[in-house]
Amino acid sequence: MNNKGALLKELFTNLSTTGAVTFSSKSLVNKMLSYADFKGAKLIVELGGGDGSITHGIVDRMDPDAVLLVFEINKPFCDNLKKIFPKKNVKIICDSAENIDQYLGGKKADLILSSLPLTLIPKPSREQIYKKCKENIVENGKVIQICYSYLLKFQFGRYFEEIKSHLMFKNFPPTFILVCEQ
Ligand SMILES: C[S@@+](CC[C@H](N)C(=O)[O-])C[C@H]1O[C@@H](n2cnc3c(N)ncnc32)[C@H](O)[C@@H]1O
């Protein structure tokens, strides 16, 4: 799967797990990543790699010696991500975000960047994802989530002390960027 049309078809035909009819635009990715501090971030985690639109933005910004772990449950998306990011320090993990701790080797991430469709993920898994994000981020690290529902701010609020929300009207549908810190 190497063309945009096939990727969009995969996204659209798996709506219950992808939660979107289109991938993130470049302007949304730029805005989302503008809240992340890449300088000195050595371990970065992306949740919900999809077509790699956010992954590209991360790879362009991360330090050369940083490592990026990308979690994605859709096998065709994983295969495509492995093809387009053949770099040694970009690891595509075809597993659910709720298992991140199993791949961190006891380390904590400096940044977690997520486009997971959290409102569609069953509550027990979703709560595990929040919990694992909190447990596996460094003290001054940030978890940044893009989403369509402001209600997620309150769900993250049960795990993170400080949450700043930004609304991007320019995107369709308008998208919230939640920046969560402990
Ligand atoms: C809304 S799409 C975002 C894709 C892309 N990152 C973007 O911003 O356009 C969400 C992605 O999360 C993936 N996903 C859903 N549940 C997941 C989970 N529990 N763990 C990892 N990935 C998941 C879906 O397969 C889909 O590719």
Side-chain angles (χ1 to χ4, degrees), residues 1-36 44-62 68-85 90-104 109 111-137 143-149 151-152 155-156 159 166 168 170-179:
M1 184 187 297
N2 56 5
N3 67 67
K4 196 86 189 166
L7 291 166
L8 277 169
K9 191 171 170 219
E10 184 66 24
L11 186 79
F12 194 72
T13 51
N14 293 284
L15 263 181
S16 63
T17 51
T18 60
V21 289
T22 183
F23 295 109
S24 295
S25 65
K26 194 143 191 163
S27 54
L28 175 60
V29 174
N30 286 341
K31 189 75 183 164
M32 176 194 195
L33 298 183
S34 73
Y35 298 109
I44 303 169
V45 171
E46 183 190 353
L47 306 178
D51 67 331
S53 43
I54 298 174
T55 322
H56 275 295
I58 300 171
V59 167
D60 287 349
R61 290 164 175 81
M62 67 193 234
L68 169 63
L69 307 185
V70 183
F71 289 80
E72 173 53 63
I73 50 163
N74 178 293
K75 174 88 167 61
F77 284 161
C78 284
D79 293 344
N80 182 60
L81 288 166
K82 282 179 189 165
K83 252 187 242 155
I84 56 179
F85 298 106
V90 178
K91 299 184 195 316
I92 311 299
I93 299 165
C94 208
D95 196 357
S96 172
E98 67 205 83
N99 299 323
I100 50 173
D101 52 318
Q102 295 175 20
Y103 299 87
L104 290 171
L111 271 174
I112 300 181
L113 303 157
S114 168
S115 56
L116 290 175
L118 287 165
T119 47
L120 298 181
I121 295 177
K123 194 172 176 200
S125 301
R126 193 171 66 220
E127 293 298 331
Q128 276 302 305
I129 292 170
Y130 292 135
K131 187 169 170 278
K132 297 280 177 83
C133 283
K134 185 182 167 60
E135 287 172 358
N136 293 287
I137 188 87
V143 177
I144 304 180
Q145 169 78 43
I146 53 170
C147 57
Y148 305 132
S149 168
L151 292 179
L152 284 189
Q155 297 188 5
F156 273 102
Y159 295 85
H166 310 270
M168 238 196 113
K170 266 199 237 159
N171 206 63
F172 185 80
T175 306
F176 291 99
I177 302 171
L178 304 179
V179 182

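We number each residue from 1, following the sequence as shown. Both ligands and their constituent atoms are indexed starting at 1 by order of listing.
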Taken in chain and number order and not counting sequence neighbours, the residues that satisfy side-chain contact (heavy atoms from CB on, under 4.5 Å) with His56 are Ile84, Phe85

Residue set satisfying side-chain contact (heavy atoms from CB on, under 4.5 Å) with Glu98, at least two apart, ordered chain then number -> Ser96, Ser125, Gln128, Ile129

Salt bridge (Lys or Arg N to Asp or Glu O under 4.0 Å) filter on Lys31, not counting sequence neighbours, yields none

The answer, listing residues by chain and number that come under 4.0 Å of ligand 1 through any heavy atom, is Thr17, Thr18, Ala20, Phe23, Ser24, Glu46, Gly48, Gly49, Gly50, Asp51, Ser53, Ile54, Phe71, Glu72, Ile73, Asn74, Phe77, Asp95, Ser96, Ala97, Ser115, Leu116, Pro117, Ile121

Rounded to the nearest 0.5 Å, the CD1 atom of Ile93 sits from the CG atom of Leu47 at a distance of 10.0 Å

Please determine whether a side-chain nitrogen of the Lys or Arg among Lys131 and Glu135 lies less than 4.0 Å from a carboxylate oxygen of the Asp or Glu. yes

Carboxylate-amine/guanidinium proximity below 4.0 Å for Asp79 and Lys75:
yes

